[in-house]
Amino acid sequence: MSNYIKQWLSLRDKEREISAALEEALRGVSHGISVNEFYALYFLHKSESEELRISDLSQKIGLSLSATSRLLSRFETNCHVIERIACADDKRGIEVRLTQVGQDVLEEALKKVNEVLANYEADLL
């Protein structure tokens, strides 16, 4: 086996380890969110207007449009961390944005994520 393949497989294993640690830590956050749900909150917060079209958010998270819609439905109905709004430039389009509850959950989640990632600092360099 080539050295490149060994390195790539090692990197893949480390990514899985870190993802598992993040999943565990994020279960302790209000509403017990997943890594993909964290990504949704994070990318919404980091967007210029703190609003994104569902299709754009889907691409950033790396989920299908239908999986992203299901994730957002749970967020909207059960957790109240996001809200859907009509696009300003296209009334047929839908955007999502964080609510104050969403901002609070994200703040709590960021602390947990930073704690986990600090444990892997050498692996992330």
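Values reported hereafter were calculated over all heavy atoms of this structure, with side chains retained and with hydrogens, waters and symmetry mates removed. Residue numbers start at 1 and run along the sequence shown.
- T77 contributes no side-chain N or O that, together with a main-chain N or O of R74, makes up a donor-acceptor pair within less than 3.5 Å.
- Distance check, rounded to the nearest 0.5 Å: CD of E23 to CD of E37 gives 8.5 Å.
- Taking 4.5 Å as the limit, every side-chain heavy atom of I85 sits out of range of all side-chain heavy atoms of I94.
- At least one donor-acceptor pair closer than 3.5 Å links the side chain of S58 to the backbone N or O of L63.
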Query raised in the report: Could you go step by step and tell me if E95 and L52 meet the side-chain contact (heavy atoms from CB on, under 4.5 Å) rule?
Result: CA-CA 5 Å; E95 292 181 325; L52 285 172; over 6 Å; no
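- Two residues are said to be in side-chain contact when any heavy atoms from C-beta on lie closer than 4.5 Å; H80 and H31 fail this criterion.
- Between the CZ atom of F75 and the CG atom of L98 there is a distance of 9.0 Å, given to the nearest 0.5 Å.
- A109 approaches I33 most closely through the heavy-atom pair CB-CD1, 3.9 Å.
- Residues I82 and T99 are not in side-chain contact: their nearest non-hydrogen atoms beyond the backbone lie 4.5 Å or more apart.
- The shortest heavy-atom contact between L106 and L41 is CD2-O, 3.8 Å.
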Query raised in the report: So V29 and F38, side-chain contact (heavy atoms from CB on, under 4.5 Å) or not? Walk me through it.
Result: CA-CA 10 Å; V29 171; F38 169 77; over 6 Å; no
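- Under 4.0 Å is where a charged nitrogen must lie from a carboxylate oxygen, and between R97 and E83 at least one such pair does.
- The OG atom of S47 sits 9.5 Å away from the CG atom of D56 when rounded to the nearest 0.5 Å.
- Residue pairs meeting the side chain to side chain donor-acceptor pair (under 3.5 Å) criterion with at least one partner in residues 105-118, sequence neighbours excluded, are S30-E108.
- Side-chain contact between Y39 and K60 is absent, with no heavy atoms from C-beta onward closer than 4.5 Å.
- Taking a 6.0 Å sphere around CZ of F43, one finds it holds more than 12 heavy atoms contributed by other residues, nucleotides or ligands.
- Panel note: side chain S10, backbone K6; no donor-acceptor pair is recorded below 3.5 Å.
- Taking a 6.0 Å sphere around CD of E50, one finds it holds more than 12 heavy atoms contributed by other residues, nucleotides or ligands.
- Looking at heavy atoms from C-beta onward, I54 lies in side-chain contact with R84 at the 4.5 angstrom threshold.
- The OG1 atom of T68 sits 6.5 Å away from the CG atom of L72 when rounded to the nearest 0.5 Å.
- In this structure, the side chain to side chain contact (heavy atoms under 4.5 Å, CB included) partners of S55, at least two apart in sequence or on a different chain, are R53, L65.
- Side chains of E15 and S19: a donor on one and an acceptor on the other come within 3.5 Å.
- Here the closest non-hydrogen pair linking L44 and V96 is CD2-O, 3.3 Å.
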